[in-house]
Protein chains: 2
Amino acid sequence: MKQSKYFLKTSKTFSEEDKMVSAKLLKQACYIRESVAGRYFILPIGQKVQQKIMTIVKEEMDNTGAQEMVSPILHPLELWKETNRTSTAGFELMKVKDRRDSEFALGGTAEEMFVDLVRKFELSYKDLPFHIYQFSPKFRDELRARGGLLRVREFIMKDGYSFHRDEEDFKKTYEEMKQVYKRIFNRMNLQTDIVESDNGYIGGEYCHEFVVQSEIGESRYFATEDSSYAAHEDVAKFKKEEKNINEELKDVEEVEAVRGTTMEDGVDLHKMPLWQQIKDVLFRDENARFVLAVIRGDLDVNENKLKHIVGVNELRHATAEEIAKYIDTAPGFISPVGIQSRVLKDAELVVVADDSLKTVVNMYGGANKKNRDLLNVNIKDYKEQINFEADIAMARTGDMAENGKVLVEKRGIEVGNIFQLGYHYTKLMSGANFTDSDGIQKPYYMGCYGIGIGRTLAAAVEKFNDSKGIIWPESIAPFQIHLLALGDDGIVQKEAERIYESLMKAGVEVLFDDQMNVSAGEKFSDADLLGMPYRAVVSVRSLKENGIELKKRTEEKGKIITLEELLSLLKPSA
Amino acid sequence: MKQSKYFLKTSKTFSEEDKMVSAKLLKQACYIRESVAGRYFILPIGQKVQQKIMTIVKEEMDNTGAQEMVSPILHPLELWKETNRTSTAGFELMKVKDRRDSEFALGGTAEEMFVDLVRKFELSYKDLPFHIYQFSPKFRDELRARGGLLRVREFIMKDGYSFHRDEEDFKKTYEEMKQVYKRIFNRMNLQTDIVESDNGYIGGEYCHEFVVQSEIGESRYFATEDSSYAAHEDVAKFKKEEKNINEELKDVEEVEAVRGTTMEDGVDLHKMPLWQQIKDVLFRDENARFVLAVIRGDLDVNENKLKHIVGVNELRHATAEEIAKYIDTAPGFISPVGIQSRVLKDAELVVVADDSLKTVVNMYGGANKKNRDLLNVNIKDYKEQINFEADIAMARTGDMAENGKVLVEKRGIEVGNIFQLGYHYTKLMSGANFTDSDGIQKPYYMGCYGIGIGRTLAAAVEKFNDSKGIIWPESIAPFQIHLLALGDDGIVQKEAERIYESLMKAGVEVLFDDQMNVSAGEKFSDADLLGMPYRAVVSVRSLKENGIELKKRTEEKGKIITLEELLSLLKPSA
């Protein structure tokens with residue numbers, strides 16, 4: 001492609017608004033341009049990268065036997081009603097009505113559509129498993145778009161859906177997809193951590209994110225150094241070390257405790273370790289129920305884990321007024337001991353105890369009365385008050401993973417994810433069944449698998465750049481080589497043209513900077529900004545040496561080589 | 001691809017609802033499946049065809065230097081307001097609001113988006129011309145969807161937009177695109193007529209449709225047998241032969257005329273030819289103006305031509321009540337003679353005379369009074385009444401094109417179109433300018449170019465099928481060959497598998513019917529229905545002859561050949 005004819009206008013400056021390197025560089029180098037916030041034009045040179053990414057994804061998906069298709073972009077809203085996702089995913093779902101008053105969702109994902117398609121067919125266990133996928137525009141009504149292609153309102157996603165006879169069969173595909181995704185990102189030089197994550201409004205029981213480590217990423221997770229365990233902060237598990245469990249249990253004792261309401265105030269007053277204190281955090285859920293989380297004093301409550309245990313979507317801290325009105329206790333002095341009998345009528349309380357409470361005995365904490373504390377509290381003293389005993393603790397750097405290795409907090413960009421869906425959709429959507437070998441209709445067991453194409457592109461730029469510009473991995477570079485003709489000398493132009501033709505003929509992807517009246521300096525800085533793996537310069541000087549000056553984008557200095565050498569270096573293996 | 005693993009479930013019957021052959025066959029053969037009316041899933045085997053069509057389009061577009069990119073699907077509604085298209089295209093435009101109350105259009109075309117992109121850059125005449133295009137989902141809020149992929153509410157369109165310094169430069173691209181489009185469709189064995197057409201709500205002054213002749217098509221047009229002239233019925237021109245223009249002009253005479261109100265009643269009463277009668281048709285436009293079309297009695301008014309002349313979007317016949325209220329005349333006896341003075345105040349009348357009136361003299365017709373007619377009416381008698389004299393006649397089979405050849409009415413499927421847009425958008429959208437060599441900011445001169453991918457696919461099926469199923473042109477067949485293993489004999493299965501592997505290794509696209517417990521008859525009828533160019537059968541019988549039975553889809557009988565022969569026949573030329 002000749003640059004003089006290419007819709008490619010690099011700019012010398014970048015917008016101060018953009019904090020992310022990828023946003024700055026992609027705009028400055030004319031790979032993308034914003035339409036309105038969070039909605040981007042992918043410009044011709046950007047589209048080349050996007051297509052290369054999609055080709056890699058397609059090749060690897062097709063290799064597994066997965067089959068590409070296309071679903072409509074407008075999803076009949078009735079389908080989303082069948083799965084109750086108009087409410088759970090409603091906050092970011094866009095809806096549209098046609099002039100016959102039919103309602104549609106602009107899908108953020110397409111589980112309902114694919115299940116609806118599959119239930120139109122009468123399939124049997126012999127047809128299973130199968131995996132169908134698409135590259136399709138997705139919409140998210142994000143309140144805040146940011147970071148160029150990292151968090152947008154419209155983007156191309158590869159979304160795939162697999163249908164299985166049972167869990168055992170699904171698990172094979174799920175494990176295979178882990179390997180396939182690893183390979184897809186590896187082919188773009190992107191190392192990914194496979195991070196256990198929360199299914200959120202997608203539904204199902206477990207899922208994994210593929211995360212490219214990056215300080216600017218929005219995914220926070222904990223991982224061991226060898227990545228043998230990695231999990232999103234929302235779900236990360238860790239070993240809760242035993243404290244004083246060998247001590248003899250003592251009897252509860254109520255004491256006066258004139259103190260403030262913080263955990264530190266308790267430590268100061270009683271001169272006992274933080275971990276021996278009981279921490280009580282009181283929430284309200286979307287059904288106006290109170291939820292009391294009880295946990296070891298040195299740990300924090302993980303609200304996401306808590307929501308899952310209680311089975312709710314929303315939690316917020318209870319206010320002092322609400323507590324005063326409905327529960328006979330005192331903020332800062334809440335205790336699980338006898339708490340259920342202190343709940344006034346018209347109110348409901350769910351008590352969740354973290355399993356860390358098993359690692360301590362003879363704890364201390366409030367007595368549900370102002371300036372009164374309890375000492376020597378043990379689980380047996382409030383066992384009847386508990387509705388759920390579970391892991392509701394937040395992991396921290398330094399905690400031990402269950403495999404015995406130390407956890408470190410990391411951040412990264414989520415470029416893909418895979419979800420176990422199980423029967424979540426096929427039980428909610430009637431008729432999503434196959435005929436099993438026993439002649440009985442059974443719901444499909446499902447999984448789904450996503451890759452954000454634009455975000456993957458941006459992640460590659462975040463990882464591979466320097467102060468001068470982008471450094472594309474060869475597999476997704478828009479062109480393999482950037483050929484520069486320096487100066488407006490007729491012989492240079494003619495020779496550069498000849499080299500361009502030879503490269504094109506050999507099937508090499510070349511961007512040819514044939515612009516006249518552009519200085520060598522500008523051409524060099526554009527080449528660095530645009531980031532092709534190789535730069536070849538033809539100039540009066542290079543011609544004197546009968547050659548082309550070739551430089552890798554990652555190298556400081558180039559060397560003179562012949563056209564033949566260049567061809568044999570770059571020629572695609574047929 | 002092995003059929004046992006493929007998401008491909010042909011059905012023995014088709015829906016009686018579908019009238020179009022392509023809709024029946026594509027659904028029955030599992031290429032497409034309806035989501036809701038007018039919105040289709042393109043299933044895996046259908047997606048293969050769609051991709052082949054897109055690849056051909058992309059290759060030919062890229063060859064011209066056009067550059068693929070992607071624009072957002074949601075178009076800021078303000079852009080459509082800038083060009084007044086929210087009202088003109090409003091009837092089929094879908095709108096959506098996000099939760100920040102920004103309004104968007106789900107685009108049917110993307111002129112505004114591309115102009116908006118281009119005006120974000122500061123370009124000069126040196127950057128021109130360029131042509132940028134995308135493959136992108138388009139939305140039409142059609143009241144009635146019909147015919148499978150022929151008229152849908154959602155579809156993939158290749159839409160391209162070219163930007164030029166001036167008309168002269170544009171015309172080169174326009175003529176080039178005519179050739180490129182011809183070639184694109186030729187590569188799919190689709191012969192197209194290039195049909196002059198009406199720009200409609202797209203705007204601009206002229207355009208051409210690419211039409212595949214078909215009885216079931218919705219495009220009606222007139223063409224000479226050699227296609228040297230072809231034009232949509234809305235715009236088709238023809239020679240209006242001279243009648244009695246050598247007669248001496250006589251003076252107007254008013255006579256009693258007790259007759260009905262039809263043209264035939266006039267002929268019967270006066271015993272004069274229909275062509276000598278004056279036909280008057282009275283309309284009202286969207287601004288409540290009256291529009292009187294005056295034309296030779298044997299011709300019909302072309303409302304589309306009339307709208308263009310008057311410069312309005314809507315026309316309807318005036319009612320008897322409206323005429324009685326605002327114009328002092330009598331339905332069935334309207335005459336252009338003195339008509340303007342008969343218009344009551346608060347009403348406005350636009351008179352348009354067809355140029356066919358120049359081919360006749362001494363005409364007859366009404367006298368603006370019931371049961372009174374005028375004889376010997378000539379143009380001079382109503383010249384002052386006329387606002388526009390122009391071609392507003394409808395062509396008919398048998399009329400003569402301006403090049404002297406006979407016109408025949410045809411029908412066809414519009415698979416592509418190209419539009420001159422001129423300055424239509426760049427003058428309405430502020431800042432859509434480039435800097436010319438004289439340093440002055442000038443608006444871009446534009447064209448746009450569309451191809452409906454799904455409709456092209458359906459058109460191919462309409463043209464290439466027989467009573468048994470589809471007959472794909474080789475260039476867009478999902479697979480080159482359909483390999484059938486007949487019977488569940490172990491040796492047959494093993495040999496078929498070996499042939500499948502050899503073909504795959506050679507890069508041949510094979511669909512392999514490896515299903516067990518399916519009869520030969522079913523496999524044969526599926527192969528005919530699915531329509532691959534070649535069918536290869538491995539059976540106990542073919543193995544006895546040490547070979548494979550090969551048959552073209554278009555042939556009745558196959559012949560036995562060896563694997564080597566098959567490979568050399570099908571191997572893609574590297």
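Letters A, B, ... mirror the listed sequences (proteins, then strands); counts begin at 1.
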Participant: Tell me whether B/Asp98 is salt-bridged to A/Arg153, with the criterion being a basic N under 4.0 Å from an acidic carboxylate O.
Facilitator: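 Between A/Arg153 and B/Asp98 there is no salt bridge, as every charged N stays at least 4.0 Å from the carboxylate O atoms.
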
Participant: Less than 6.0 Å separating the ring centroids of B/His131 and B/Tyr449?
Facilitator: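 Yes, they do, as the ring centres are separated by less than 6.0 Å.
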
Participant: Among residues 156-165 of chain B, which residues come closer than 4.5 Å to chain A, judged by heavy atom distances?
Facilitator: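 Residues qualifying by a heavy atom under 4.5 Å from chain A are absent, so none.
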
Participant: Closer than 4.0 angstrom, basic N to acidic O: yes or no for A/Asp141 and B/Arg100?
Facilitator: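 Salt bridge between A/Asp141 and B/Arg100, a charged N being under 4.0 Å from a carboxylate O: yes.
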
Participant: Chain A heavy atoms under 4.5 Å from B/Ile132: which part of the residue, side chain, backbone, both or neither?
Facilitator: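 When you check distances to chain A, only side chain atoms of B/Ile132 fall under 4.5 Å.
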
Participant: B/Lys48 versus chain A, heavy atoms under 4.5 Å apart: side chain, backbone, both or neither?
Facilitator: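 Neither part, no heavy atoms under 4.5 Å.
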
Participant: Heavy-atom pairs under 4.5 Å with chain B are the metric here; pick the option from A/Lys5, A/Lys2, A/Met113 that has the most.
Facilitator: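 Of A/Lys5, A/Lys2, A/Met113, A/Met113 has the most heavy-atom pairs under 4.5 Å with chain B.
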
Participant: Thinking salt bridges, do B/Lys120 and A/Glu34 make one under a 4.0 Å N-O criterion?
Facilitator: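 Salt bridge between B/Lys120 and A/Glu34, a charged N being under 4.0 Å from a carboxylate O: no.
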
Participant: When you compare the side chains of A/Ser11 and A/Lys9, does any donor N or O come within less than 3.5 Å of an acceptor on the partner?
Facilitator: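 No pair is found: no donor N or O on one side chain lies under 3.5 Å from an acceptor on the other.
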
Participant: Is chain A contacted by the side chain of B/Gln134, its backbone, both, or neither, given a heavy-atom distance below 4.5 Å?
Facilitator: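 For B/Gln134, there is no contact with chain A at all, as no heavy atom is under 4.5 Å.
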
Participant: When heavy-atom pairs shorter than 4.5 Å are enumerated against chain A, which of B/Ile32, B/Val36, B/Leu106, B/Ile73 gives the highest number?
Facilitator: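 Winner by heavy-atom pair count: B/Ile73.
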
Participant: So A/Phe41 and B/Phe114, would you call those rings parallel, tilted or perpendicular, with 30° and 60° as cut-offs?
Facilitator: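 The rings of A/Phe41 and B/Phe114 stand perpendicular, inter-plane angle above 60°.
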
Participant: Which atoms of B/Met1 are under 4.5 Å from chain A, going by heavy atoms: the side chain, the backbone, both sets, or neither?
Facilitator: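 Contact with chain A: side chain only.
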
Participant: Could you tell me whether A/Glu142 and B/Arg99 have a side-chain N and a carboxylate O separated by less than 4.0 Å?
Facilitator: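 Not counted as a salt bridge, because no side-chain N and carboxylate O are separated by less than 4.0 Å.
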
Participant: Quick one, B/Val518 and B/Gln3 - any side-chain contact, counting heavy atoms below 4.5 Å?
Facilitator: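 In short, these two side chains do not touch, never coming nearer than 4.5 Å.
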
Participant: Answer with yes or no after comparing the ring centroid distance for B/Phe130 and A/Tyr6 against a 6.0 Å cut-off, counting only values under it.
Facilitator: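 Ring-ring flag for B/Phe130/A/Tyr6: false, centres at least 6.0 Å apart.
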
Participant: So which of B/Leu123, B/Asp62, B/Leu117 has the largest heavy-atom pair count under 4.5 angstrom toward chain A?
Facilitator: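 Winner by heavy-atom pair count: B/Leu117.
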
Participant: Salt bridge or not for B/Arg119 and B/Glu82, using N-O below 4.0 Å?
Facilitator: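 B/Glu82 and B/Arg119: salt-bridged.
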
Participant: Can you find a pair of side-chain heavy atoms, one from B/Lys95 and one from B/Leu93, that are under 4.5 Å apart?
Facilitator: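 Touching, per the 4.5 Å side-chain cut-off.
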
Participant: Checking B/Arg33 against chain A: side chain, backbone, both or neither under 4.5 Å from a heavy atom?
Facilitator: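 Only the side chain of B/Arg33 comes within 4.5 Å of chain A.
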
Participant: So which part of B/Leu143 gets closer than 4.5 Å to some heavy atom of chain A, the side chain, the backbone, both or neither?
Facilitator: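 Contact with chain A: backbone and side chain both.
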
Participant: Taking the ring of B/Tyr40 and the ring of B/Phe155, is the distance between their centroids below 6.0 Å?
Facilitator: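 Not under 6.0 Å, so no.
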
Participant: Select one option (side chain, backbone, both, neither) describing which atoms of B/Glu68 are under 4.5 Å from chain A's heavy atoms.
Facilitator: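 Answer is both: backbone and side chain atoms of B/Glu68 are under 4.5 Å from chain A.
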
Participant: For each of B/Val96, B/Leu74, B/Leu43, tally heavy-atom pairs with chain A at distances under 4.5 Å, and name the one with the top tally.
Facilitator: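 Max contact count across the listed options: B/Leu74.
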
Participant: When heavy-atom pairs shorter than 4.5 Å are enumerated against chain B, which of A/Gln51, A/Lys97, A/Glu122 gives the highest number?
Facilitator: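 Highest number of heavy-atom pairs under 4.5 Å: A/Gln51.
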
